[in-house]
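What follows is a set of notes on a single structure, which appears directly below.
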Amino acid sequence: MHRTYSMRATRAPTASQIQNPPPPPSSTKSGRFFRGGLGHALRGKTAGAFGPDLAKKLAQLVKMEKNVMRSLEQVAKERMEVAQQLSIWGEACDEDVSDVTDKLGVLLYEIGELEDQYVDRYDQYRVTMKSIRNIEASVQPSRDRKQKITDQIAQLKYKEPNSPRIVVLEQELVRAEAESLVAEAQLSNITREKIKAAYTYQFDALREHCEKVAIIAGYGKHLLELIDDTPVTPGETRAAYDGYEASKAIIQDCEDALTNWVTQKAAVSAKLSTRARTLSTRRRNNIKARSEGQGVDLSGQDAPLNDRDSWVPAGQHRTSEYDDDEDEDDEEDDLDAPSHSVLGSESGLNGETRGRNQEPVVA
């Protein structure tokens with residue numbers, strides 16, 4: 001009786017999703033090859049063990065973030081299972097406890113679904129960081145070539161100071177340094193752009209998730225007020241429970257609050273102190289002034305050098321073993337197998353049975 005366990009049988013887009021469409025499902029949710037603790041251990045131990053030195057540290061970060069996402073997925077799944085079990089247990093209790101635990105199960109299940117959605121948005125951050133790693137891996141060959149030529153020149157000057165090959169190598173070194181300058185500029189520019197984008201994804205997702213969880217917590221406390229915890233003496237009968245409509249209204253209000261939430265309605269805001277705001281503003285103004293007064297046009301930095309037809313832009317270097325978006329995410333190849341990296345629905349679990357079966361409301 002009076003069961004309204006499924007808060008959203010047919011889910012319509014929320015205001016936040018209309019404003020910022022949700023990303024595709026996380027790449028870590030399917031195609032797992034290694035599962036559980038074994039996958040965590042392999043990623044932790046093999047991260048950064050292979051590939052160019054320049055990309056090893058960021059490769060390790062990307063692998064560690066994959067472990068974080070796996071853990072978040074497990075938390076979301078178990079949270080929904082706990083919500084179901086709470087409703088099942090409460091069904092045999094007194095009417096007020098039965099009704100309230102049923103509605104609490106609704107709210108806890110919704111938290112699990114929010115955590116599942118958070119994983120999808122978190123993946124945007126991780127994929128963006130992987131793009132920096134791929135650029136670092138592509139820059140390494142130009143560094144290695146420059147260092148190799150430098151070593152050859154030093155060796156010849158020591159063994160054959162008058163060798164005519166020294167002049168040839170010095171000319172090659174000039175070209176290699178020019179290539180390296182362009183590649184390093186690309187790396188510097190892209191790193192700054194991508195790291196701001198990556199952590200903007202993460203903080204926006206974290207802010208939305210925490211705000212919505214706080215909303216659910218608030219309505220959960222309102223539900224608890226419907227339980228009569230007045231002590232009774234042995235043999236005394238509690239008054240009949242009359243809070244069914246109230247609990248249903250609380251759930252509906254919670255649903256409306258979650259559906260209508262947008263970033264502009266965030267209750268928590270980060271306010272800087274006067275000193276921090278002044279210093280931050282000064283820094284932004286300095287960046288803007290340098291950009292306007294001393295800007296350098298790097299739009300043609302990928303054009304091949306006139307005296308070296310074999311040079312290619314950093315983005316077109318031979319695919320490295322770090323370009324493993326597809327294999328790594330779809331087949332869980334944790335040993336950095338070669339593949340190709342390409343940067344760029346809400347997948348709720350509404351089809352699952354949520355604890356008790358819905359019963360018709362008795363008028």
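Predicted model, so just to flag it, every value in this text is computed and none were measured.
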Query raised in the report: Are Asp151 and Gln155 close enough that a side-chain donor and a side-chain acceptor fall under 3.5 Å?
Result: no
Query - Backbone N/O of Asn67 and side chain of Ser71: donor-acceptor pair under 3.5 Å - result: yes
Requested in this report: Measure the acute angle between the ring planes of Tyr199 and Phe203, then classify it against the limits of 30° and 60° as parallel, tilted or perpendicular.
Outcome: tilted
Query raised in the report: Is there side-chain contact between Glu160 and Arg165, with at least one heavy-atom pair below 4.5 Å?
Result: no
Query raised in the report: How far does CD of Glu113 sit from CD of Glu110, to the nearest 0.5 angstrom?
Result: 5.5 Å
Report summary line: Output for pair (Ile250 CD1, Glu245 CD), nearest 0.5 Å, gives 11.5 Å
**Report entry** Check against side-chain contact (heavy atoms from CB on, under 4.5 Å), Trp89 and Thr101
**Finding:** CA-CA 8 Å; Trp89 166 76; Thr101 54; 3.9 Å; yes
**Report entry** Derivation of the salt bridge (Lys or Arg N to Asp or Glu O under 4.0 Å) call for Arg207 and Asp204
**Finding:** CA-CA 5 Å; Arg207 185 182 191 184; Asp204 284 348; 5.8 Å; no
**Report entry** Enclosure of Arg192 CZ (heavy-atom neighbours >12, cutoff 6.0 Å)
**Finding:** no
Requested in this report: Determine whether Ile216 and Leu104 fall in the same hydrophobic cluster, where Ile, Leu, Val, Met, Phe, Trp and Tyr are linked whenever their side-chain heavy atoms lie under 4.5 Å apart.
Outcome: yes
Report task. Indicate if Val119 and Val68 have the same hydrophobic cluster label, given that clusters are the connected sets of ILVMFWY residues with side-chain heavy-atom separations under 4.5 angstrom. Result -> yes
Query - Residues Lys157 and Glu170 bridged, charged N to O under 4.0 Å - result: yes
Report summary line: Here the pair of heavy atoms bringing Ala257 nearest to Ile215 is CB-CG2, 3.8 Å
Report task. Check step by step if side-chain contact (heavy atoms from CB on, under 4.5 Å) holds for Glu255 and Ile251. Result -> CA-CA 6 Å; Glu255 180 179 13; Ile251 290 293; 5.6 Å; no
Query raised in the report: Just how far is it from atom CG of Leu206 to atom CD of Glu211, taken to the nearest 0.5 Å?
Result: 10.5 Å
Query raised in the report: How long is the span from the SG atom in Cys93 to the CD1 atom in Ile227, to the nearest 0.5 Å?
Result: 9.5 Å
Query raised in the report: How close do Leu156 and Ser163 get, heavy atom to heavy atom, and via which atoms?
Result: CD2-OG, 4.4 Å
**Report entry** Under 3.5 Å donor-acceptor, Glu177 side chain and Lys146 backbone
**Finding:** no
**Report entry** Contact summary for Asp116 and Ala76, nearest pair of heavy atoms
**Finding:** N-CB, 3.8 Å
Query raised in the report: How far does NZ of Lys212 sit from CD of Glu115, to the nearest 0.5 angstrom?
Result: 13.0 Å
Query - Chi angles and distances behind the salt bridge (Lys or Arg N to Asp or Glu O under 4.0 Å) call for Glu136, Lys56 - result: CA-CA 9 Å; Glu136 286 184 341; Lys56 282 184 177 180; over 6 Å; no
Query raised in the report: How about Val232 and Arg238: do any of their side-chain heavy atoms sit closer than 4.5 Å?
Result: yes
Query - Single-linkage hydrophobic cluster, 4.5 Å side-chain cutoff, Leu258 and Leu223 together - result: yes
Query raised in the report: Looking at Asp102 and Ser87, what are the two nearest heavy atoms and their distance?
Result: OD1-OG, 2.9 Å
Query raised in the report: Hey, is the main chain of Asp256 close enough, under 3.5 Å, to the side chain of Thr259 for a donor-acceptor pair?
Result: no
Query raised in the report: Can you find a pair of side-chain heavy atoms, one from Leu169 and one from Leu173, that are under 4.5 Å apart?
Result: no
Report task. Go through the steps to decide whether Val100 and Tyr241 satisfy the test side-chain contact (heavy atoms from CB on, under 4.5 Å), and finish with yes or no. Result -> CA-CA 11 Å; Val100 170; Tyr241 178 61; 4.2 Å; yes
Query - Close side-chain approach of Met69 and Glu65, heavy atoms under 4.5 Å - result: no
Query - Arg277 side chain to Leu272 backbone, donor-acceptor under 3.5 Å - result: yes
Query raised in the report: Under 3.5 Å, side chain of Asp228 to main-chain N/O of Thr230, donor-acceptor pair present?
Result: yes
Requested in this report: Starting at CE of Met129, measure out to CD1 of Ile195 and round the result to the nearest 0.5 Å.
Outcome: 5.0 Å
Query raised in the report: Taking side chain as C-beta onward, heavy atoms only, is Leu107 less than 4.5 Å from Lys103?
Result: no
**Report entry** Exam field: side chain Thr191 to backbone Ser188, donor-acceptor pair closer than 3.5 Å
**Finding:** no
Query raised in the report: Are Gln140 and Asp144 linked by a side-chain donor-acceptor pair shorter than 3.5 Å?
Result: yes
Query - Main-chain N/O of Glu95 paired with Asp99 side-chain donor or acceptor, under 3.5 Å - result: no
Query raised in the report: Any chain of hydrophobic side-chain contacts (each under 4.5 Å) joining Leu224 to Val82?
Result: no
Query raised in the report: Which is it for Tyr244 and Lys248 under the side-chain contact (heavy atoms from CB on, under 4.5 Å) test, yes or no, and what are the steps along the way?
Result: CA-CA 6 Å; Tyr244 291 112; Lys248 181 178 179 180; over 6 Å; no
Query raised in the report: Do the side chain of Ser180 and the main chain of Ala176 share a donor and acceptor less than 3.5 angstrom apart?
Result: no
Query raised in the report: Do Leu108 and Leu226 sit in the same hydrophobic cluster, where Ile, Leu, Val, Met, Phe, Trp and Tyr count as joined when their side-chain heavy atoms come under 4.5 Å apart?
Result: yes
Report summary line: On a heavy-atom basis, the closest approach of Leu58 and Arg133 is CD2-N, 3.3 Å
Query - pair Gln202-Tyr122: side-chain heavy atoms closer than 4.5 Å - result: yes
Query raised in the report: Is a side-chain donor or acceptor of Glu208 paired with a backbone partner of Thr263 at a separation under 3.5 angstrom?
Result: no
